Structures are given as structure tokens and as C-alpha cells.
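Structure, as C-alpha cells:
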Amino acid sequence: MSEVNALHTPLCDLLGCRYPIVQTAMGYVAGADLVIGTTNAGGFGFLAGATIHADKIEAEILRVKRETDDQPFGLNFHMFQPNAQQLLDLAVKYRLRAVSYGRGPDKKVIGRLRDADIVCMPTVGALKHAQKAIEMGANAITVQGGEGGGHTGSVPTTVLLPQVVDAVSVPVIAAGGFYDGRGLLAALAFGASGIAMGTRFLMTSDSKVPDATLQRYLATKDAEKIAVSHLVDGMPQRMIPNEYLSMLEKASPMKRLRIAVNLALKWKAETGMTTGQAMSIFMKAMREDSSSVAQTVMAANAPMLLQRSMVDGNPAGGVMSAGQVAALIGKLDSCEDVISGIVRQAMARRTALNELTTA
């Protein structure tokens, strides 16, 4: 049996990829270069539509299609972003294979995507969110355990994944703590149809993250220090420690609020959001969430601070989202080397396991 057939799962059929390995839509990281590298290596990549400028996103989509010979790939979006409708229209126009998102799209939006044969694949961090997403129309679910980078929950993957697998009938993709073939094999043994990785793909030569920032990732060797903080935008977010986080920890609540307001204004200007749109988002957030006014304002912190690290190459002045597996990754392989290495290791481990159980 060939390696491709041996690791073929329902997710491969659903997404049209060779291997059940998904590259997540990391903000300011998952541009055309990374998606092209992932797709041409046999995985499935998502463009980070939430952080690609509105006047550049169509060109990015077309470039991926051109440089992958029109192989399937996906697009990520948030319903609260000003150009959400543009992204939905582009996904339908170019018949992209999948979209990923958090909470936000209603049944009408998801229905339009499903009618266009687009796979709707939200990311969730709790069983109840997975069940709600399927009720809304999702036909695949990415389940991220607490080991994952960026905004994350508190339940580890090894607990959350079997919960969701046992409760739903759609393909489940495991995220949070995966970076090699052993993880892929373990996820499949849990009943997942594949794995999704962010940090492992961020730490590749295809990600185009500035070298100064990548060196910070490579220098992190203690997984315990890649900890969760609520200081950036009021929500739990796993990041590599740096000077900026240290400053926030020492700052008074009033100083943190002033920083948040300034960043929110910069984010508004950068996205081209009108004052009316900003107020609409603010009021919607206040109605739907019991969080404080300060936390709602702080929601703009993360994209602006990520941009400092991931685009400007200023790792000391921004934030660096990372899963705990960053501490286990020692070099910047290409996407092709990462995926082929995962496949080889998964096959070797499976063979060794078969020999052990039949001995």
C-alpha cells in the first residue's frame, strides 16, 4: 500500500488533498507563499483573509490558484471584519474548497457557502461550540486543545478530541500540540480525520515571517514558558514571553486601557473601518458578551501587536502567538520537508506499532 493511500482519510476526500494535514490561517503569517508551499506538498492550506488587506486578497487568491495548478485550498474570515462580505463573495466566485472561521456566521451565510459546495470548517475549543457549529451548518470541525497557540481554551487536546469525536458525525480535525508523524498517528487513533498545525507551519522557510521573529521562536526551548495570558485582548491567548508582555504585566489597568484604545484607533484606520462600523461592532460585542468595556476595546490589540512581530520584524514590541510545540521545533524546514517528514514518521510508527501488537 502506498503512503498516500495508507494515510488517506475522509478529510482528504472532503478537502481534495493528498494528506490529512491542514495549515491553519494564522494572522499575518498565512499568506500566499505559505499556502502555496503547503498545497504543493500535499497538505491543505488556508489563507488568512482576516488580516490580508481588502485590496490585495483577490490577487493572493489568484496567485495561489496559479502557482498550485488550481489545487484546492481555503480562506479564513471573521464576520466582524469590514470586508467580510467581500471574502464570502470571493470564496463563492472562485469556488474555493473550504472556509474556516470562529463563531459568527449565521445559518444563512453558511447555507450560501454550502450551496456553493464550499466546506465550512470552524475552529472550536469546547464540545458545546462544536455541537453549535454543526447545528449552524458546519460540515467539518477543527478542535483545538489548550496546547495550541493564539486564542485557546483550557481543555487539553487529549481530553477534548475524544469528547468531540464521540459526539459528532462530521470529520474532526485535531489541533493543538501537533508537529510530527507521531502526532498525526495519535490523532487518527483518537478518531480524528487529520491534524491542523499552525506553529509548525509558521516555523518554516515558506512562512516569510521576519528572521528576527523566527529566531525568537527557535530560541524558545521551555514549553512551560509558552504560557496563556489575558493581558493582550482580555481573552486567553498562548504566546511566547517577550518584553511587551512583561511591560503589560507591570502596567496599571488604566495604562493597559490607554494602550488598548490607541491600538484600537490604529486598527480602525488600517482596516478602513468607518466610525459607524466601529460602533456597530462595539455594540454587537457588548450585547453578545458580558465582558467589560475595556476588554471589548482591547479586541483590536491582538492584530496590531501581531503585525509588529510577524510583519515589521519587531518581536520585542509585539506579540508572538505560539503553541507549546514551538519548544520542540529546532529548525526552519520547508513545507515540503515538514509534510514529507510527518508522512514518513507516521508510516514508520504505524509499522512499528503493528509489529509490537502482533509479536
Side-chain angles (χ1 to χ4, degrees), residues 1-26 29-48 60-61 63-76 91 94-100 117-121 123 139-143 170-175 178-207 325 329 333-351 353-354:
M1 182 180 290
S2 71
E3 288 183 346
V4 175
N5 289 334
L7 293 176
H8 191 92
T9 73
L11 183 67
C12 300
D13 295 326
L14 189 66
L15 298 181
C17 50
R18 292 201 303 275
Y19 304 118
I21 299 170
V22 174
Q23 164 248 305
T24 62
M26 297 161 283
V29 175
D33 290 294
L34 188 58
V35 175
I36 290 166
T38 300
T39 302
N40 285 336
F44 188 88
F46 279 99
L47 274 175
E60 290 279 281
I61 290 171
R63 184 181 163 212
V64 175
K65 291 173 72 68
R66 182 174 64 252
E67 296 189 28
T68 62
D69 293 327
D70 208 20
Q71 293 182 69
F73 66 97
L75 179 67
N76 173 263
Y94 291 110
R95 303 191 69 81
L96 301 187
R97 182 58 65 96
V99 295
S100 64
D117 292 325
I118 296 173
V119 175
C120 293
M121 199 167 98
T123 298
N139 52 336
I141 296 285
T142 299
V143 175
V170 303
V172 174
I173 303 91
F178 298 99
Y179 74 106
D180 65 2
R182 294 171 296 183
L184 173 58
L185 199 61
L188 298 180
F190 269 110
S193 288
I195 58 172
M197 303 186 300
T199 303
R200 173 64 276 197
F201 281 113
L202 183 155
M203 296 174 70
T204 63
S205 57
D206 294 308
S207 75
V325 297
I329 300 170
D333 294 315
S334 67
C335 288
E336 182 177 2
D337 288 340
V338 167
I339 291 176
S340 63
I342 288 174
V343 171
R344 287 195 303 271
Q345 188 181 43
M347 291 301 299
R349 291 281 173 161
R350 197 175 78 163
T351 298
L353 183 60
N354 288 339

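FYI, side chains are in, hydrogens and waters are out, and symmetry mates aren't considered; it's all heavy atoms of this structure. Computed from a predicted structure; not experimentally measured.
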Filter on salt bridge (charged side-chain N to carboxylate O under 4.0 Å, His left out), then keep only pairs touching residues 190-202, sequence neighbours left out; what's left? none
Got a sec, which pairs hit salt bridge (charged side-chain N to carboxylate O under 4.0 Å, His left out) with one end in residues 29-47, sequence neighbours left out? D33-R63
Can you list the residues that meet the salt bridge (charged side-chain N to carboxylate O under 4.0 Å, His left out) rule with R95, with sequence neighbours excluded? D117
Test of understanding: with salt bridge (charged side-chain N to carboxylate O under 4.0 Å, His left out), list the residues that count as partners of R349, not counting sequence neighbours. none
[X]: side chain to side chain contact (heavy atoms under 4.5 Å, CB included) partners, not counting sequence neighbours:
X	value
A186	none
A175	T142, Q144, A196
L188	L7, T9, L184
S334	S205, D206, E336, D337

Does F201 have any ring-ring contact (aromatic ring centres under 6.0 Å, His included) partners at least two apart in sequence or in another chain, and if so, which? none
Go through the structure and list residues passing ring-ring contact (aromatic ring centres under 6.0 Å, His included) with F178, not counting sequence neighbours. none
Name all residues meeting the side-chain hydrogen bond (donor to acceptor under 3.5 Å, both in side chains) criterion together with Q71; count only those two or more places apart in sequence or in a different chain, and write none if there are none. N40
Applying side-chain hydrogen bond (donor to acceptor under 3.5 Å, both in side chains), name anything that partners R182, two or more places apart in sequence or on another chain. Y179, D180
So do L96 and F73 actually touch side chain to side chain, heavy atoms under 4.5 Å? yes
